[in-house]
Protein chains: 2
Amino acid sequence: MLDLSTVISELSHHGFKQTRQRLAVLEVIAGAQARMSPAKVHEQARQLCPDLGLATVYRTLEILDRLGAIRRVHMTDNCEGFAPAGLGKGHHVVCVKCGRVAEFTGCNVSKLVPMATRQTGFHVQEHFLELMGTCDDCYRAAAGMANAHEDRRSRCAC
Amino acid sequence: MLDLSTVISELSHHGFKQTRQRLAVLEVIAGAQARMSPAKVHEQARQLCPDLGLATVYRTLEILDRLGAIRRVHMTDNCEGFAPAGLGKGHHVVCVKCGRVAEFTGCNVSKLVPMATRQTGFHVQEHFLELMGTCDDCYRAAAGMANAHEDRRSRCAC
DNA sequence: GTGACTGCAAATAATTTGCATTACA
DNA sequence: TGTAATGCAAATTATTTGCAGTCAC
């Protein structure tokens, strides 16, 4: 879980001021069950801070991302959502139906690095890993229906 | 390597026509060393097909992506680039300096899936993995310089 | 010949920036 | 009080769509 007070003290440590707007954005993301677009964050944070502007949301998300308090989450087609960052460890599983995000730990991707290095000659510094699937709720809901014959094209053949 | 003639026959198989514009886009991506934005593709493909419109590039990239002929590539900050798709296997290593893309195989991420399932209850269907680093050219170039003290914030603590 | 494909321009959508004003520390 | 932060509106940038004309099959 994203710990509010930790992040708040991080803000000051890095010379950022603690403002109503930032707290509102932070609180919304901290409580988020699903990955949220900047617009969604804006909409919800407005309930805590009615005069919050969208530009401020963008500026705040940028800062929180830098501090590691939140994580950018990509999706197959569209892009740029944000979710709470746990403790900076772990990776995300994103529900392709409802956007819910969960975190798991125990990533062993770093074991792949030597192999990738050998094959490509690149000097690998970081990695981005995200699993996609359905959360249990959506899975059950779908099981009820006949079949949703979606064009979900899998992107990974390995 | 992306095999042009294969993709071209794929096009017809799926009822798409073979046009100058599509061939130009395809050729540019097939020859790309680095991930390219739609705008970049447009710029280069225009040299093969001067009256090519940007909208057509978008439409063509969409089709090629569906066919699996090219791959969407995400980056840490911005988004949506495209690269040749190898044979649909393997993952990408992207150079954070020059954008060059290489592919490696032997991904073992699927081994993570049971763990993720246990921890989150999600039904995982696919995954997205990308390594980031510097290609050897950029690495050597950087080694020459003192140090580029960039604010490269690592996104992964595992 | 005809329907899919295209270019262009206009419409949307998403994000960033400038600047006068406000409010944290 | 001084400076960083904000809201708003305008500016960019990225992407999609409508439509009349064109071209592959």
Side-chain angles (χ1 to χ4, degrees), chain A residues 5 7-28 35-67 69-70 72-82 99, chain B residues 5 7-28 35-67 69-70 72-82 99:
Chain A
S5 47
V7 178
I8 291 172
S9 71
E10 273 296 287
L11 275 177
S12 2
H13 281 174
H14 289 263
F16 294 111
K17 290 182 177 168
Q18 184 185 134
T19 66
R20 277 183 310 121
Q21 292 84 343
R22 283 173 182 168
L23 295 183
V25 168
L26 193 49
E27 201 161 323
V28 166
R35 124 207 152 91
M36 302 186 68
S37 64
K40 269 263 173 58
V41 172
H42 181 221
E43 181 189 319
Q44 296 201 12
R46 248 174 190 297
Q47 297 175 2
L48 304 170
C49 181
D51 56 338
L52 175 67
L54 182 54
T56 298
V57 172
Y58 276 99
R59 292 186 273 230
T60 303
L61 290 173
E62 171 69 27
I63 292 173
L64 294 178
D65 178 43
R66 259 179 212 282
L67 292 183
I70 64 177
R72 276 177 214 269
V73 178
H74 295 262
M75 289 291 270
T76 316
D77 9 26
N78 65 3
C79 203
E80 232 51 328
F82 293 86
Chain B
S5 48
V7 178
I8 291 172
S9 70
E10 274 296 288
L11 274 178
S12 0
H13 281 173
H14 289 264
F16 294 111
K17 290 183 177 167
Q18 185 185 133
T19 66
R20 280 183 307 120
Q21 291 84 343
R22 283 172 183 169
L23 295 182
V25 168
L26 194 46
E27 202 163 321
V28 166
R35 131 207 146 91
M36 303 185 67
S37 63
K40 269 262 173 60
V41 172
H42 182 223
E43 180 187 319
Q44 296 202 12
R46 248 175 190 294
Q47 296 174 3
L48 305 170
C49 180
D51 56 338
L52 176 67
L54 181 55
T56 298
V57 172
Y58 275 99
R59 290 187 273 231
T60 303
L61 290 172
E62 171 69 26
I63 291 173
L64 294 177
D65 178 43
R66 261 179 211 280
L67 292 183
I70 62 176
R72 277 175 213 268
V73 179
H74 295 261
M75 290 290 272
T76 317
D77 9 26
N78 66 0
C79 202
E80 232 51 324
F82 292 85

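All of these numbers come straight from a predicted model, not from anything done at the bench. Chain letters run A, B, ... following the sequence lines, proteins first and then strands; every chain starts at 1.
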Of the options D:dT17, D:dC8, C:dG3, whose atoms approach the side-chain atoms of B:Lys17 most closely?
C:dG3

To the nearest 0.5 Å, atom CD of B:Glu27 lies from atom CD of B:Gln44 at 11.5 Å

When rounded to the nearest 0.5 angstrom, what distance separates OG in B:Ser5 from CD in B:Glu10?
11.0 Å

In terms of the nearest nucleotide of DNA chain D, which residue is placed more toward the 5' end: A:Cys49 or B:Leu54?
A:Cys49

Work out which heavy atom in B:Val25 is nearest to a heavy atom in B:Leu64; give both atom names and the distance.
CG1-CD1, 4.1 Å

Here the distance between atom C1' of C:dT6 and atom NE2 of B:His42, to the nearest Å, is 12 Å

Euclidean distance, atom NE2 of residue A:His13 to atom C1' of C:dA25 [Å, nearest integer]:
15 Å

Would you say D:dA5 has OP1 or OP2 under 4.0 Å from some side-chain N or O of A:Arg22?
yes

OP1 or OP2 of D:dG7 less than 4.0 angstrom from a side-chain nitrogen or oxygen of A:Gln21, does that happen here?
yes

How many Å lie between CD on A:Gln18 and P on D:dT6, as a whole number?
12 Å

Measure from CZ on A:Arg59 to P on C:dT16 and round the result to the nearest Å.
11 Å

Take atom CG of A:Leu61 and atom P of C:dT16, then tell me their distance rounded to the nearest Å.
10 Å

Can you give me the closest heavy-atom contact between A:Leu52 and A:His42, atom names plus distance?
O-NE2, 2.9 Å

B:Asp51 CG - C:dC5 P separation (whole Å):
17 Å

Expressed as a whole number of angstroms, how long is the span from B:Lys40:NZ to D:dT15:P?
14 Å

Does B:Ser37 make a side-chain N or O approach to OP1 or OP2 of D:dA14 shorter than 4.0 Å?
no

Measure from CZ on A:Arg20 to C1' on C:dA25 and round the result to the nearest Å.
16 Å

Does the side chain of B:Thr19 get closer than 4.0 angstrom to OP1 or OP2 of C:dT6 through an N or O atom?
yes

Scanning both residues in full, the closest heavy-atom pair of B:Ala39 with B:Leu54 reads CA-CD1, 4.4 Å

Does A:Tyr58 place a side-chain N or O at less than 4.0 Å from the phosphate oxygens OP1/OP2 of C:dT15?
yes

